[in-house]
Structure formats: C-alpha cells, structure tokens
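Structure record follows, encoded as structure tokens.
Within every chain, numbering begins at 1; the chains are lettered A, B, ... in the order of the sequence lines, protein sequences first and strands thereafter.
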Amino acid sequence: MTMEARFNLINTLMERFKEGIISTTTFRGDLTVAIKPALLPALLSYLKTEKGFNFLMDICGIHYPERSEPLEVVYHLLAFERRERIRIKVPLQEDQAVPTAASIYKAANWFEREAFDMVGIRFDGHPNLTRILTHHEFVGHPLRKDYPSDKNQILRKPLEFHLSKDADAEIEDPVLHQRRFINIGPSHPATHGAFRLFAELEGEVIKKARAEIGYLHRCFEKMAETHTYHQVIPYTDRLNYCSSPMNNAGYCRAVEKLLGIEIPKRAQYMRVILNELSRIIDHLVCIGAQSVDVGALTNFWYFFQGRELVYELFESYCGARMLVNVTRIGGMVRDFPEDWLDNCLNVVGRIEKTVLEVNRILTNNKIWVHRTKGVGVVSKADAIDYGFTGPCLRACGVAFDLRKTEPYYDYDQFDFDIPISEDGDTYARYLVRMEEMLQSISLVRQVVKAMPKGPYAVDSPDITLPPKQEVYTNIEALMNHFKLVMHGIQPPKGDVYSSTEAANGELGFYIVSDGSKNPYRIKVRPPCFAIYQAVEEVVEGSTISDLVAMLGSLNIIAGELDR
Amino acid sequence: MATCIEVTNDYKPGLEERLPIFTTQAKKLIAWGRKNSLWPLPFATACCGIEMMAVFASHYDSARFGAELVRFSPRQSDLIIVAGTIVEKTAPILRHIYNQMMEPKWVISMGVCASSGGFYRAYHTVQGISSIIPVDVYVPGCPPTPEAVLEAIMRIQKLIEKGRPTPK
C-alpha cells in the first residue's frame, strides 16, 4: 500500500466517520484504524461496497487485563484489486458487545465464534454464537491472560449430534425418501484429519449439513504466548504439517517485519526453494489422498514416491523428514550442504515425471472426470465472501496469489504463471493444483540457477546466535549467545500482520508485541478455516459420494484449521 | 510356530496326491494367523497421520508385515494406531472407537503427542492416551520415522506370538 493511497483512505474515512473513529496509526506500513463498536457495521459495509475491501481476512480477539477497556477485536481486511490492507480495532468494555459482521461478510461467522470461544467477546446478532474450537463443556476463555496455559478441565462427554430431528412432514414419499442422519468423522477415511460433519439426508442427497471442528485444537496460540519468539518456530511446523517449511517461513517473516529487518538474499532464495518444494509435496498429498477416496489408488502410490524424495532432501538438509524447523528469525538455521542443490534439481526432475505420469492417468480419465466435474461448485462471489484463498480461490477464477499480488522474496524476479480456472468445481481445483506443481518445479529450477552467494542469516547479536566456534573461543560471542538464549529476541512494542502464500492460501500471522521476550498474542490466519466454513453451504443438495470427492479437493488440514 | 512343524513321511496316499502335514497347537496356529494379518485402524488426527500414510505407502510398504489392509471400521480391525495429538474433544471419541473394536485388540501409540502430550502442555490437550485406553507399544518421535512404526508393528506381532495380552 503506497503512502498516498493510505493518506487518501485515512482522509476519506475521517471525513465520513468523524465521530466513531478514535485514532489512526501506522506501524511498519500497516494502517490501523481504532473505532467505537457502534460504528463497525457502517464502516465495514462502506469499506466493502465502496472501497473494494471484499476480503475479510481475519478476526482476532485480544485480552488486555490492565487497560480500562480490557477487550479488543481486530479485523483485517484486504482490497484485492488495489492490493490494500487495513486493520480495524474495536476496544471494548468487559460487558460490552460488538455488532456482528456475519451479515456483511460470510467469513465472519466462524471467525467471530472463535473470538468468542477464545477470548469471550460477545457479538450482537450473531446467528450461532457457540464454542467452536474447545470442548462444548469447557468453562472460561482460554486466551484470557488469567487462564493458566496448562489448566486442563475434566470433560467427558462427546458432542451430541446437533441437527434437529423433527418430524419429516414435507417429504412426499416417506418410504422412498426417508430422512436420515449421518455422522461423518472425526475418524473417517474421507476427512484425512480430525474434523466432523453432521448431515441430514433425504434418500442419498444431503439436505442440510453442519460442520464441527476443534478435534485438533492443541492450543497453538496459548503455547506461543508462553514461549519466546524462537521457541514458537517448532510449533508453527505443526500448523500445516503437510508443508511445514512454509509455516516456518511465514512466521519468521512476520517476526522480521515486527523487528524491521531484511534477511540476506541467500536466505530469501533458500526459503523460496523450500517453500516451493513444500507446495509441491502438499499438493501431492492432497491429490493423492483425494484420488484414493474416489477409488484411484495408483496415484497415491506414485505421489508418495515423490514425497519420499523430498523427505530425503529435507533429511539431508536438517535431519528431519517432515517437521523440519529450518528457518530462524533473521535467516536460516544453516547453509545447504554440498551437492544439495544438484540433488534438488534431480528430485524436481523426477517429481515432474511423476506429475506428468499421473496427469496421463487422471486428467482425461472418464471415471475421474465424472466423479469430479461439476461437483462441489463454489461460485466466485461466494469464494471471495467466505475468504477463500489459494488454489480453491484460483479454481473459481480469481487470480489472487500473494507471490504475484504482493511479491516477497524476489518472487517478482522469476518467471511463473498463476493457473486459474473458471469452473470452481472439484475438477478445477485438481487442475489448478496439478499446474501449480509444474509451475513450482520451474520456479525451483530458476531459483537454484540464480542462487546468490553470501550469508544465510543476518549478523546481529540481538537476533541470531553467533557461530558455535566463536562461542567456545570468544568471550563476546559467549555473552551474546547467553543473552540471546536467556532473554530471547525483544522486538519493539507494536503489532504487525504479515502473510505469505502457503499451499492452501494466505497464511497470515498477526503478532502483538509488548516489548518482552514472549509474544503478547499471536493469531494465525489459517487458510483452511475460511474454506471449511463454506462446506456447510456447498454440500447442500449433493450426494454423500460427492461430498467425499469434494472434501479431498479442499485440502482441509486439521492442524491449521484448529491450531 | 516353527518349533512344532513335523512333516511325516509315513502318510498313506489317498485319492489325491500326497500332501505334507504338520501338527501344532491350535492357539499357536491362530496366533500365527493373527500376527501376519493385522488390520490396522488408523486413528490419525495430526502430523503423525501423514507419516503413517508414508508407512502404508509404496516406499515403506507395511504390506511386508501383513498390516497393509487399513480398515476405518473398528469392527473390522484388531490394531488401532493412534497417530497424532488427542485433545479433550477427541478423547471420548477415541474411547468409543476402542470400545467398538472386537477382542483381541492391540494399541500402538504413535508419536510423543499420543504418548504423553508432547510439547503441548496445554489446556485442551490430553497428556497421553494411556488415561483413555490401554496402550501396548509406544513409539517415540515427533513424528516417529516410518522405520520406528514398522518396529512397533513387529513388536505387536511378538506380543501376539507370545499370546499377550491373553485374548478373552
């Protein structure tokens, strides 16, 4: 967002909503507008309809016990066409409620439920303000500062089926079209993770569906608050565990933005290579598992062979196969070993062969096309309103890819295309993912070729550890090492939102710092959360077997869905 | 099994061609069959689930141990592999699924999260599934390597061979 655009936007808002706006601030290029709760619906509608802020990216609740207004709701909006972002903050009293945004953005529904569940913010007029991530008997709000991070509660009952089982009055032929209720998940072959769907069937057609999540809510955000900035990195690995280096890079980039530092070119290029490799393996597991669900087992075997190759590559770099934990704030953990880049080229060549092979098996396969074409169609408008990002959005015909729209790490220097499709169905999502893998392979080749020499991390004693050899021989290095390990990185006070294009879409990190070694609040904007929210609406009217084909193509990863 | 094979040569040929026969104890024969045809139920909640997919996939190929036929119905499976973090919301479901499995049944706890909660010492994470269901083999690692999971399957096979735990 340019200075001029920001200035213009602030001016227009100040003119129009003079009474409601408390303050406008800019920190690290992020524009923040603090408003009174009553103004929220008017401001959001205005921004959406007249200023083009059509994406509601995230809603975050924060608890500040020492302030006179102890609660705060933070909204992140994106104007996709103009590539502008704005943050809206609404401070609240303990007993004050904020008007819901669910009638303006469909995406707001679940994000508001999450803010209610985690921090206890009440949203006036919300259609279903119930717990979403924690157990339904959970007492209290875990992300309040007075809730101890390790306080477990005794919760025994599983969640009851919660679609109303009222009498089937409207059905014409009660024998042929009996209304049935079916529970899918959380342990189900089609879910590939722990989430659940209640469905009401008439015959074989789904009449109504209710999605239920939280079966993998392992408290990432609370854990992040109790650890130092560096210690959070391994937790980020486990968000989208199919492509962990991307989460590492996304988190570290956010902290680097908070610190206001730029990492060396070599580190950037290293991150790009690892990101693109992870994008490939994420799509491999998505398409592989999806094809298993519709009965095409062969592709799974083929694709997992490719995944093994990348695993071996990761293992030779850092010792871990899957959850690699390779980035550090300010750069990378170490340089690539010798021959690694050559091996990498070799591996992407072999994966390219596999992808083309599967392309020959699947893309024109009659059964595959029949099972996926026209199944799980999401319209362009719905996709934007629900906050879809990534391949699922691009399959609806929106060329939104942060690598192109808000380029980072020199992505604009490389030659690659953003595949899109207009259909918005399961087949389109499959095609987009296949093409993206080929684009990523070409990207890896270009980046390896252009790999600059130089350091792989910034040289700053406040941020990165000194080399081990120095620590043993040099008193200054020893002291720096000790100080960094004991006191951690201490970024300035403030908050930043930084997003990267992960395999599933925009992975955003909103970090609030109070100047201490632990983050005050970290909110992850997981791409899956917005996508899975739409499932309830999309599956209505389709059959159970279509649901199975569709769920695979949305690539819901429970780790980042529930955090 | 191997100790009991005894091929007799004084068998009188019948109408068909001669067949070698052996004698053994029924329970050993059953155990031999059981251990080589484990039908695992993958209770995959998190990251370990992806690594478990690698165990079943082509490279590591758990079919070599007779344990490749993944069943998602607890009624059809005799080995449950709990792969991934179990949180409070999933715990009653895990218990329910375990109860639905037929005896005899075995449990592998894959990864530190399932075994002890791992580094999630948090308000919504179960600190080890042993508080919900009995575990036969724990596999350390975050996530464990596929080799470690195969080792766990082999240990389950040894348990079955020795008749432990005794089937009801």
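The local environment of NZ in A:Lys353 is sparse, with at most 12 non-hydrogen atoms from other residues, nucleotides or ligands closer than 6.0 Å.
Partner A:Tyr215 forms a side chain to side chain contact (heavy atoms under 4.5 Å, CB included) with one of B:Ile93, B:Thr45, B:Ile86, B:Thr85 and no other, that one being B:Ile93.
Closest non-hydrogen pair, A:Leu323 versus B:Cys142, comes out as CD1-O, 3.9 Å. Residues A:Met322 and B:Ile50 come closest through the heavy atom pair CE-CB, 3.9 Å. The two residues A:Gly214 and B:Val87 have their closest heavy-atom pair at O-CG2, 3.8 Å.
The main-chain N or O of A:Trp301 is found under 3.5 Å from a side-chain atom of B:Ser58 such that the two form a donor-acceptor pair. Looking only at distances, a side-chain donor or acceptor of B:Arg121 sits under 3.5 Å from a matching main-chain atom of A:Asp150.
Between the side chains of A:Asn152 and B:Gln127, no donor-acceptor pair of N or O atoms lies under 3.5 Å.
Residues B:His59 and A:Gln305 meet the side-chain proximity criterion, which asks for heavy atoms closer than 4.5 Å. Side-chain contact check for B:Pro146 versus A:Arg321: some heavy-atom pair is nearer than 4.5 Å. Two residues are said to be in side-chain contact when any heavy atoms from C-beta on lie closer than 4.5 Å; A:Thr134 and B:Lys89 fail this criterion.
Per-residue heavy-atom pair counts under 4.5 Å with chain A were compared for B:Cys47, B:Ala57, B:Gly117, B:Pro92, and the maximum is reached by B:Cys47. Interface check for chain B: of the options A:His136, A:Glu137, A:His217, the most heavy-atom pairs under 4.5 Å are formed by A:His217. Options B:Leu41, B:Thr145, B:Thr90 differ in how many heavy-atom pairs under 4.5 Å they form with chain A, and the most are formed by B:Thr90. If you tally non-hydrogen atom pairs under 4.5 Å between each of B:Pro42, B:Ala44, B:Gly84, B:Ala54 and chain A, the highest count goes to B:Ala54.
Contacts of A:Ile213 with chain B are made by backbone atoms alone, with heavy-atom separations under 4.5 Å and no side-chain atom involved. Neither the backbone nor the side chain of A:Ile154 comes within contact range of chain B, judged by heavy atoms closer than 4.5 Å. In this structure, chain B has a heavy atom under 4.5 Å from the backbone of A:Gln153, while its side chain stays farther away.
Here CZ of A:Phe304 is found 11.5 Å from OH of B:Tyr60. Values are rounded to the nearest 0.5 Å. Here the SG-CZ distance, from B:Cys113 to A:Arg238, works out to 7.5 Å after rounding to the nearest 0.5 Å. Atom OH of A:Tyr311 and atom CD of B:Glu51 lie 5.0 Å apart (nearest 0.5 Å).
Aromatic ring centres of A:His135 and B:Tyr123 lie farther apart than the 6.0 Å criterion allows.
Annotation: residues 221-235 of chain A contacts chain B through A:Lys222, A:Met223, A:Pro234, A:Tyr235 [non-hydrogen atoms, separation under 4.5 Å]. When the heavy atoms of residues 239-247 of chain A are compared with those of chain B, the residues falling under 4.5 Å are A:Tyr241, A:Cys242, listed by number.
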